[in-house]
Amino acid sequence: MADVDRYEPRGDRGHRGGYGGKKRRLREDDDSYDRRDRPQRRRYEEPTGTRLRKQLLAIAESPLRNAEDEALNIAKITAENWDDQYIKDTFCEISILLVLEQPFKIPFVAACVLHANTQNSEITTEILARAGAKAQGFLETGGWKEVKLLLRFFACLHSLFEDAGVFPILDELFNRAVDLQTASSEDTLGLELVKIILFTIPYIMATSTSESEQQKAAQLLNKTDIVASTPHMLDALVDPYINNEEEENRPMGFQTILTLLQKQLQTEAANEWKLACIPRPYSAVVTSGSDENGDAPTPAKHPFPSITVPTTVKLGPKALFPEIYFSLYADQDIESVPPTSNIAASLIRDTLVDTMNHLDFNRNAVAKFLIEMDCYWAPDTFVKRATPFDKLRAVPENKSTWKPEDLAVDAVFSQLLQLPTPEHKLVYYHSVITESCKIAPAAIAPSLGRAIRFLFRNVDAMDMELFYRFMEWFAHHLSNFEFRWKWTEWLDELDQSDLNPKKAFIIGALDIEIRLSFAKRIRETLPVQYAPLIPEGRDKDTPDFKYADDSTPYAEEGREILALLKKKASEDEIQTVMDKISAKAAEHNVQDVLVPCTDAYMTSVCYIGAKSISHVLSCIDRCKERLLAIGPQSEPARRQIISSVVDYWRDQPGVAVNIVDKLLNYTIITPVSVIEWALTDRLDRGRALARSQTYELVATTMAKVMNRVRQIVD
Amino acid sequence: MVPFHIRNTVDRLDRPSSYAASKYKKRKRDDGETDANRAPSPTLSEKLSDATTLYVGNLSFYTTEEQIYTLFSLISPPRRVVMGLDRYQKTPCGFCFVEFYTHDDALQCLKYIGGTKLDERIIRTDLDEGFIEGRQYGRGKSGGQVRDEYRDEFDPGRGGYGKAVKEGYGEEYR
């Protein structure tokens with residue numbers, strides 16, 4: 001490359017000084033896109049636009065500053081500079097973006113608007129118009145998450161509206177929901193709309209509890225009751241625990257978010273809408289009982305933006321399913337998270353999940369927000385960060401015992417273990433937990449430990465797919481933290497049979513750990529009692545070639561095939577040896593002579609390519625003509641290909657899964673042959689189901705098929 | 001005045017790193033002398049807008065392909081992995097290319113895997129324009145990566161001290 005020649009001489013002298021420094025600054029350099037906008041030299045005062053942007057983006061983030069003061073300040077800057085288009089755009093665009101990306105800041109953004117309204121009511125007009133337009137857009141495309149958040153924003157501004165505010169829209173949404181629900185018993189969009197209604201109501205009632213609003217809320221709750229409280233036919237699909245047991249014996253209660261929310265709201269209504277957890281950073285502005293047209297100066301009132309709900313509502317980009325309220329800590333002896341009877345459980349969880357799912361492009365920010373969640377709710381909602389679990393008993397009667405770390409871990413696991421699938425790839429949620437542990441180890445690690453113990457205790461009742469998600473997460477997580485775990489806790493399980501779910505979990509997790517590292521290293525991290533789980537065979541880089549042993553049938557011919565393949569002999573020479581095997585097999589009354597031929601061939605391919613995946617791939621590529629010819633000739637021989645691979649790599653099940661995946665890509669084997677191989681040929685009276693390799697083979701094959709189908713459909 | 005624009009409220013991790021950006025800037029400067037008959041070079045964002053290949057750096061010399069496959073399969077099974085090799089020894093020298101089937105898979109790696117550990121080292125991931133034969137070799141004078149030439153910290157997973165430092169070239173360059 002021409003560049004290389006010109007680059008090196010200059011680079012040695014000119015860049016190397018900077019190179020070392022650059023390496024260290026690499027992380028910070030990533031916002032070089034920003035640097036162009038920011039002034040190079042430090043000035044005494046930043047431009048107003050920059051100040052406003054920074055303050056608004058960081059609102060409520062510091063526990064040292066009073067959030068209401070921050071809102072007042074932001075409102076002041078905006079009002080004083082409202083004639084500047086840049087300021088207008090900064091304030092409005094960032095406010096709306098915060099509503100959609102950092103929902104826990106909605107009450108605070110609303111506070112800015114409320115305070116700004118007292119100084120310049122044009123600000124409110126502008127932002128209501130823009131937010132209204134956005135909401136209209138999302139209503140039409142079916143962006144229901146965004147609709148929910150924008151309605152919540154309006155709800156927090158409820159004291160500003162001269163008319164009925166958000167209620168008419170909620171009524172409209174309810175009408176659509178009823179239509180959808182009556183049309184089909186499988187409908188889930190109607191549930192989603194009711195969920196939006198129910199999540200909006202508390203924020204209205206936290207802002208203003210006038211007579212008319214209480215009445216309207218009560219009316220709505222009456223109407224939604226029937227939809228929210230009826231079980232849905234898809235509920236069983238999303239149950240994380242196999243429902244063999246009586247309700248009392250279930251590890252975790254089964255309640256959908258919708259049913260819970262309905263009950264919680266009815267409780268709050270009966271308690272005068274205390275809604276203790278919602279922050280109210282606008283006390284200076286809102287007067288309670290805002291029915292009165294008070295004396296001047298009163299903040300200006302505004303009409304609710306004109307938003308119409310389309311007559312036909314669209315499903316939107318994703319399929320919807322009922323959601324259960326998943327919690328590892330709720331409703332146990334010690335109340336480290338809000339009980340399911342308390343509305344805080346739903347409100348906080350909803351916000352945490354939305355933040356996690358909207359900000360997936362920066363897991364570090366998500367981790368920070370999770371750890372610092374106590375800044376965004378009413379004071380004293382939580383106990384102090386990193387309070388040890390044991391100390392919760394010592395907390396005085398009327399004080400909260402909710403640990404923010406438990407809520408954070410709960411929220412992440414609720415997504416990781418969500419059925420049918422979470423919004424993002426599973427490994428995203430792994431990385432959120434990893435980052436949280438990195439930035440606040442003392443706080444998060446104990447909560448995580450308790451979560452792991454809860455899940456492990458109940459692993460035998462878990463849905464099979466969730467079992468594997470938990471196992472994969474556990475191994476991947478440990479690989480980021482030197483594989484440290486209190487393995488001594490699980491010594492009792494080692495005596496169990498390999499078919500026992502807890503034992504199978506340990507075996508499977510260790511296998512993944514070894515794949516991410518190597519056998520010797522993992523053995524070092526375990527107590528000696530675990531040694532039998534990692535036999536010496538796993539240390540071998542290249543498993544033995546079975547035909548080297550003369551007691552193996554067709555040993556001589558197997559060795560011949562290997563030699564021929566190694567020297568890249570002609571197909572005719574190879575066919576001669578194949579014919580020898582066929583003849584021998586026929587003499588022994590073997591039903592399908594192609595099977596032992598295939599075994600010798602494929603095992604040789606595996607042995608030649610044992611060094612790495614690239615090696616075996618290049619060997620498969622060279623041999624693909626013969627391999628492709630096998631399947632059409634004989635299905636048992638095609639399945640023998642799989643057998644040869646899995647048997648050769650019996651000590652490294654992960655390698656076999658990778659190779660089978662590649663063979664599928666070449667269409668040397670078919671998805672059906674993999675499934676039948678795993679679940680018929682090798683079922684071993686059910687024992688195979690306890691091996692994680694079986695699950696992996698089936699799961700990855702199914703995923704591949706589904707992907708292809710999706711590609712064709714799209 | 002420049003109109004206000006903001007894409008997200010926090011930085012995104014799924015963008016090319018400053019290394020990729022500076023690599024491009026350098027080439028652009030060098031290309032300045034060439035004739036006007038050549039077609040305009042693609043911009044950085046164009047080149048990497050459909051990149052399916054990832055550069056992965058800060059690996060240990062002992063990290064295996066299988067370990068790389070296992071980790072990156074958490075996103076999606078890679079199409080292939082090309083290990084970075086010492087130009088003379090032809091042994092792994094601490095980087096690799098991971099090629100996926102889709103651009104989205106590569107972006108997801110940047111978001112979820114880059115900056116986490118593989119074989120107990122924090123790895124660096126970056127969008128790459130694509131593997132070409134020859135790019136799998138280190139460009140340092142001794143055959144490994146340039147960053148290992150002058151490194152003065154001891155790194156047991158990457159051959160100890162930097163090659164130049166070991167052999168005493170370091171003094172003139174300090």
Which of the residues [options] is involved in the greatest number of heavy-atom pairs with chain B at under 4.5 angstrom?
options                               : answer
A/Lys438, A/Lys704, A/Gln85, A/Lys662 : A/Lys662
A/Asp360, A/Val655, A/Asn665          : A/Asp360
A/Asp89, A/Leu56, A/Asn362            : A/Asn362

Rounded to the nearest 0.5 Å, how far does [atom2] of [Y] lie from [atom1] of [X]?
X        : Y        : atom1 : atom2 : result
B/Ile6   : A/Thr90  : CD1   : OG1   : 8.5 Å
A/His424 : B/Gln108 : NE2   : CD    : 9.0 Å
B/Thr70  : A/Ile514 : OG1   : CD1   : 11.5 Å
A/Leu359 : B/Arg12  : CG    : CZ    : 9.5 Å

(message) When you measure from the side chain of B/Arg80 to the backbone of A/Ser614, do you find a donor-acceptor pair of N or O atoms at a distance under 3.5 Å?
(response)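 No, B/Arg80 side chain to A/Ser614 backbone: no donor-acceptor pair under 3.5 Å.
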(message) Donor-acceptor pair, distance only, cut-off 3.5 Å: does the side chain of A/Glu101 make one with the backbone of B/Thr9?
(response)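 Yes: the side chain of A/Glu101 pairs with the backbone of B/Thr9.
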(request) Start with the C-alpha gap between B/Tyr112 and A/Val427, add the side-chain angles, then the distance that decides, and say whether side chain to side chain contact (heavy atoms under 4.5 Å, CB included) holds. (result) CA-CA 7 Å; B/Tyr112 312 147; A/Val427 71; 4.0 Å; yes
So for [X], is it side chain, backbone, both, or neither that comes closer than 4.5 Å to the heavy atoms of chain A?
X        : result
B/Arg121 : neither
B/Leu110 : backbone
B/Val10  : both
B/Asn58  : neither
B/Ile68  : neither

Does any non-hydrogen side-chain atom of [Y] lie less than 4.5 Å from one of [X]?
X        : Y        : value
B/Leu74  : A/His476 : yes
B/Glu66  : A/Ser612 : no
A/Arg521 : B/Glu120 : yes
B/Thr64  : A/Phe518 : no
A/Arg53  : B/Phe4   : yes
A/Phe361 : B/Leu13  : no

(message) One thing to verify: whether A/Glu482 and B/Lys117 come together as a salt bridge, which I'm taking to mean a side-chain N less than 4.0 angstrom from a carboxylate O.
(response)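 Salt bridge: yes.
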(request) Check the pair B/Leu71 / A/Leu516 against side chain to side chain contact (heavy atoms under 4.5 Å, CB included), numbers first and verdict last. (result) CA-CA 7 Å; B/Leu71 182 65; A/Leu516 288 168; 4.1 Å; yes
(message) Is it the case that atom NZ in B/Lys90 sees more than 12 heavy atoms from other parts of the structure closer than 6.0 Å?
(response)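 Counting other residues, nucleotides and ligands, NZ of B/Lys90 exceeds 12 neighbours.
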